[in-house]
Amino acid sequence: MSVWKKLVTALKGGANEAAEAVADGQALRILDQEIREAKEELKRSDHSLTQIMAKRKLAEEKVKNLNVSVKEYETHAISANEKGDAQLALDCAQKVVDLRGQMDTEQQYVDQFTASEKTLKQNISQAKANLRRMEQQVDMVKATESVQKAQVAVSSRHMGANSKMKTAAESLNRIQEKQKERQAQMEAASELASDESGGELEKRLQEAGIGGSNASADDELARILGK
């Protein structure tokens, strides 16, 4: 691979890493937005479910009323037949046929609405459960992100503190060494001054009891009186 190809590959890799870093940085914000949008969709789904349930109830009511009418005209047909009015009985029977046809149609609506209602309820329930899990995961991710950021900050400060302590300790050692060196220089200068003045020699002679003026007050008084 040529140098230019390697350079292009490296630039592409760097661009991908930068894009991923931006995406990761916006991940929580994107998740929050997606959760809000999902909640809005669920609200619309709940509204649709409410409409289907209302239509199912209306269809059931129609079926109930039509069934009452069927029974009513069946009774009329029986009464007309008992009175010998065959045409009236036949008309009542035809009415029963029409009503049963309407009732069958409404019952089909009821069955369709009931099936749709059942399916929609299951889907909404599953979606809400998934949304709750997603919210819990997002909360955990946010908490983990906060903890990790705190740990990174503490670690950085700890490393900085260690570095500063190391620097301070090195400075302290240098100061102590300089003080020791200065003390040694002062002691050497004092010894040199004592040697030059002869004070050290006199001190040593006195300590040995040789020479010097060691007369006591009694000796001095005896000398004076002896005169």
Between Lys128 and Asp46, is the salt bridge (Lys or Arg N to Asp or Glu O under 4.0 Å) condition met? List the steps. CA-CA 11 Å; Lys128 287 182 177 179; Asp46 284 335; 3.3 Å; yes
Intermediate values then yes/no, side-chain hydrogen bond (donor to acceptor under 3.5 Å, both in side chains), Asp104 and Gln108: CA-CA 6 Å; Asp104 289 342; Gln108 290 179 1; over 6 Å; no
Would you give the length of the straight line joining atom [atom1] of [X] to atom [atom2] of [Y], rounded to the nearest 0.5 angstrom?
| X | Y | atom1 | atom2 | value |
| --- | --- | --- | --- | --- |
| Asn123 | Thr119 | CG | OG1 | 6.5 Å |
| Asp32 | Lys142 | CG | NZ | 3.5 Å |
| Asn67 | Gln107 | CG | CD | 9.5 Å |
| Glu117 | Lys57 | CD | NZ | 8.0 Å |
| Gln137 | Leu31 | CD | CG | 9.5 Å |
| Phe113 | Met53 | CZ | CE | 13.0 Å |

Members besides Tyr73 in its Ile/Leu/Val/Met/Phe/Trp/Tyr cluster (side-chain heavy atoms under 4.5 Å):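 Tyr73 clusters with Val63, Leu66, Val70, Val96, Leu99, Met103, Val110.
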For residues Leu88 and Val97: do they belong to one hydrophobic cluster (side chain heavy atoms under 4.5 Å, members Ile, Leu, Val, Met, Phe, Trp, Tyr)?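 Leu88 does not cluster with Val97.
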Salt bridge check: are Glu177 and Arg182 linked by an N-O gap of less than 4.0 Å?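 A salt bridge is absent here (no side-chain N lies under 4.0 Å from a carboxylate O).
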Salt-bridge criterion met for Lys178 and Glu181 (N-O under 4.0 Å):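 Salt bridge between Lys178 and Glu181, a charged N being under 4.0 Å from a carboxylate O: no.
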Close side-chain approach of Gln183 to Lys180, heavy-atom, < 4.5 Å: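 With C-beta onward as the side chain, the pair stays apart.
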Using a 4.5 Å cut-off on heavy atoms from C-beta on, say whether the side chain of Lys121 contacts that of Lys118.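 Not in contact.
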Would you please test Gln126 and Asn130 for side-chain hydrogen bond (donor to acceptor under 3.5 Å, both in side chains) and show each step? CA-CA 6 Å; Gln126 184 64 43; Asn130 293 338; 3.2 Å; yes
When you look at Arg100 and Glu74, which way does the salt bridge (Lys or Arg N to Asp or Glu O under 4.0 Å) test go after all the steps? CA-CA 11 Å; Arg100 283 191 179 278; Glu74 285 178 346; 2.9 Å; yes
Contact summary for [X] and [Y], nearest pair of heavy atoms:
| X | Y | answer |
| --- | --- | --- |
| Ala38 | Leu131 | CB-CD1, 4.1 Å |
| Ala93 | Ala77 | N-CB, 4.3 Å |
| His76 | Cys92 | CB-SG, 3.6 Å |

According to the side chain to side chain donor-acceptor pair (under 3.5 Å) rule, which pairs have a member within residues 79-88, sequence neighbours left out?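 Only Gln87-Asp91 qualify under side chain to side chain donor-acceptor pair (under 3.5 Å).
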Carefully, step by step, assess Arg44 and Glu41 under the rule salt bridge (Lys or Arg N to Asp or Glu O under 4.0 Å). CA-CA 5 Å; Arg44 287 191 282 270; Glu41 290 294 335; 2.6 Å; yes
Given Arg36 and Gln33, is the side-chain hydrogen bond (donor to acceptor under 3.5 Å, both in side chains) satisfied, shown in steps? CA-CA 5 Å; Arg36 286 192 293 269; Gln33 179 61 31; 2.7 Å; yes
Would you sort out whether Arg56 and Glu60 count as a salt bridge (Lys or Arg N to Asp or Glu O under 4.0 Å), showing the intermediate values? CA-CA 6 Å; Arg56 186 258 303 164; Glu60 287 178 340; 3.2 Å; yes
Exercise: do Gln94 and Asp98 side chains pair donor with acceptor under 3.5 Å: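 Their side chains do contain a donor-acceptor pair, which is all the 3.5 Å distance test asks for.
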